[in-house]
Protein chains: 2
Amino acid sequence: MPTTEPDVAAPSGRRLAHPSTEEIRLEGVLHALADPVRLTIVRELADGHADMACIAFDLPVSKSTTTHHFKVLREAGVIRQHYEGTSRMSRLREDDLEARFPGLLAAVLEAARRSVAPSA
Amino acid sequence: MPTTEPDVAAPSGRRLAHPSTEEIRLEGVLHALADPVRLTIVRELADGHADMACIAFDLPVSKSTTTHHFKVLREAGVIRQHYEGTSRMSRLREDDLEARFPGLLAAVLEAARRSVAPSA
DNA sequence: CTCGTAGTACGGCAGTTGTCAAACTACGAG
DNA sequence: CTCGTAGTTTGACAACTGCCGTACTACGAG
């Protein structure tokens with residue numbers, strides 16, 4: 001990992017803007033996580049799958065809506081994305097979030113696990 | 001604390017509906033905390049002031065907007081309110097939130113402290 | 001080059017949210 | 001009872017959000 005810079009993952013055309021760690025805003029993160037679809041994405045990402053293409057998620061929304069949700073997560077600083085062929089791989093920014101807001105992501109993930117299977 | 005029930009705090013007229021601990025939903029809490037004004041309220045409440053009247057907060061919004069934000073926080077289960085004369089006292093439901101989503105409120109509050117005074 | 005796949009961008013639409021002002025209610029003091 | 005204070009309710013408005021379909025752009029395989 002010598003010269004690879006975080007914001008220039010794709011060598012060719014497509015660029016993806018990510019906020020730097022210091023730029024991550026709490027309200028943005030909370031807002032990003034306050035949506036069921038996005039919370040599902042984050043939960044699946046946290047569930048061991050380090051890098052996943054958007055299509056790998058089983059979301060109850062259309063393609064364009066999926067793009068939208070990933071964009072919200074990325075711009076909030078919750079996930080990092082980079083291209084790999086025609087696929088866009090997504091990964092949780094666990095370390096960055098931990099550095100910026102220690103314990104926050106873990107607490108939300110733990111809460112999400114509880115709130116999904118509460119009565120069943 | 002024998003016969004006092006949580007949802008019937010005011011003996012006379014006005015009632016305030018609160019969700020029970022089990023009814024608190026994660027997305028609701030995150031959404032409630034994702035607003036700057038509400039986050040300010042929660043931070044001030046956590047900052048030692050156990051019970052505060054709405055007017056005690058220095059919020060940059062009108063009276064009716066303040067009422068609205070308190071209502072969102074209350075209905076999300078983040079705060080508990082009860083009447084005291086003409087004032088409406090608000091208190092964080094720290095214990096309930098801790099029971100439902102352990103560590104979540106603490107992590108958000110700690111994050112809020114960091115995000116308020118980062119560059120200054 | 002052509003085709004299929006993965007995803008983006010562009011409207012557009014309905015529902016929600018944050019905001020306010022104005023009129024109203026509840027309580028306490030006098 | 002009257003007045004002031006604290007808060008609520010209503011109605012309105014602009015902005016945003018989530019959602020969709022359609023058209024478009026990369027990239028890889030053949």
Side-chain angles (χ1 to χ4, degrees), chain A residues 8-18 25 27-42 45 49 51-76 78-91, chain B residues 8-18 25 27-42 45 49 51-76 78-91:
Chain A
V8 195
S12 52
R14 299 179 272 186
R15 301 283 160 70
L16 293 168
H18 295 81
R25 284 178 55 254
E27 293 139 25
V29 173
L30 293 176
H31 174 247
L33 297 175
D35 180 274
V37 174
R38 292 194 288 262
L39 202 50
T40 300
I41 295 173
V42 170
L45 280 175
H49 321 304
D51 272 293
M52 293 181 68
C54 295
I55 201 170
F57 296 85
D58 189 28
L59 301 173
V61 293
S62 72
K63 264 200 308 179
S64 36
T65 305
T66 302
T67 298
H68 163 67
H69 283 308
F70 274 94
K71 185 178 176 186
V72 171
L73 286 170
R74 189 186 66 239
E75 293 184 342
V78 177
I79 64 175
R80 189 177 292 282
Q81 297 185 298
H82 67 102
Y83 282 104
E84 210 157 288
T86 68
S87 293
R88 185 142 92 170
M89 297 305 184
S90 298
R91 188 163 37 95
Chain B
V8 196
S12 51
R14 299 179 272 185
R15 300 283 160 72
L16 293 169
H18 295 81
R25 285 178 53 255
E27 293 139 27
V29 173
L30 292 178
H31 174 246
L33 298 176
D35 180 274
V37 174
R38 292 194 289 263
L39 202 49
T40 300
I41 294 172
V42 171
L45 280 176
H49 322 303
D51 273 293
M52 292 180 67
C54 294
I55 201 169
F57 296 84
D58 187 27
L59 301 173
V61 293
S62 72
K63 266 198 309 179
S64 36
T65 305
T66 301
T67 298
H68 163 67
H69 283 308
F70 274 96
K71 184 179 176 187
V72 171
L73 285 171
R74 189 187 67 235
E75 292 184 345
V78 178
I79 64 174
R80 190 176 292 282
Q81 297 185 298
H82 66 103
Y83 282 102
E84 209 157 289
T86 67
S87 294
R88 184 141 94 169
M89 297 305 185
S90 299
R91 188 162 37 96

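Since the structure is predicted, the reported quantities are computational estimates derived from the model, not experimental observations.
- D:dC16 atom P lies 11 Å from atom NE2 of A:His31, rounded to whole Å.
- In this structure, A:Val72 and A:Glu84 both approach DNA chain D, and ranking their closest nucleotides by distance from the 5' end singles out A:Val72.
- The two atoms that bring A:Val37 and A:Asp35 nearest to each other are N-OD1, 2.9 Å, heavy atoms only.
- For B:Asp35, counting side-chain heavy atoms from C-beta on, the closest listed nucleotide (D:dT17, C:dG18, D:dC19) is C:dG18.
- The side chain of B:Val61 sits closest to C:dC20 out of C:dC20, C:dA6, D:dG21.
- If you take CZ of A:Arg74 and C1' of C:dA9, they are 13 Å apart, rounded to a whole angstrom.
- Summarising the geometry, the separation between CZ on A:Phe57 and C1' on C:dA6 is reported as 14 Å, rounded to the nearest angstrom.
- When heavy atoms are screened at a 4.0 angstrom cut-off, B:His68 is found touching base atoms of the nucleic acid.
- Atom CE of B:Met89 is separated from atom P of C:dA26 by 19 Å (rounded to the nearest Å).
- One can place CG of B:Leu33 at 12 Å from P of C:dG18, the figure rounded to the nearest angstrom.
- Here D:dC20 is the nucleotide among C:dC20, D:dC20, D:dG7 with the atom lying nearest to any side-chain atom of A:Thr65.
- Side-chain contact between B:Arg38 and A:Glu27: absent, with no pair of heavy atoms (C-beta onward) separated by less than 4.5 Å.
- Considering only the side chain of B:Thr86, C:dC27 comes nearest among D:dC27, C:dG18, C:dC27.
- For the pair B:Leu33 and B:Val78, the tightest heavy-atom approach, listed with the atom from each and the gap, is CD2-CG1, 4.3 Å.
- Nearest to the side-chain atoms of B:Ser64 among the listed nucleotides C:dC27, D:dC27, D:dT10 stands D:dT10.
- In this structure, of C:dG7, D:dC20, C:dA21, it is C:dG7 that holds the atom nearest to the side chain of A:Tyr83.
- You'll find that the side chain of A:Ser87 is closest to C:dG7, out of C:dT19, D:dT17, C:dG7.
- Shortest non-hydrogen contact noted between A:His18 and A:Gln81 is NE2-N, 2.9 Å.
- Across all strands shown, C:dA29 pairs with D:dT2; the Watson-Crick or G-U wobble distances both stay below 3.5 Å.
- Heavy atoms only, all atoms of each residue included: B:Gly28 and B:Ala76 are closest at O-CB, 3.6 Å.
- Put simply, the side chain of A:Ile41 reaches to within 4.5 Å of the side chain of A:Phe70, judged on heavy atoms.
- At C:dC20, one or more side-chain N or O atoms of B:Ser62 fall inside 4.0 Å of OP1 or OP2 (strictly under the cut-off).
- If you check D:dA15 for Watson-Crick or wobble pairing at under 3.5 angstrom, you find it paired to C:dT16.
- As rounded to whole Å, 17 Å separates atom P of D:dA26 from atom CD of A:Gln81.
- Rounded to whole Å, the distance from CD on B:Glu75 to P on C:dT16 is 14 Å.
- Put simply, CG on A:Leu16 is 12 Å from P on D:dC27, counting in whole angstrom units.
- Among the nucleotides D:dC19, C:dG7, D:dG18, the one closest to the side chain of A:Arg38 is D:dG18.
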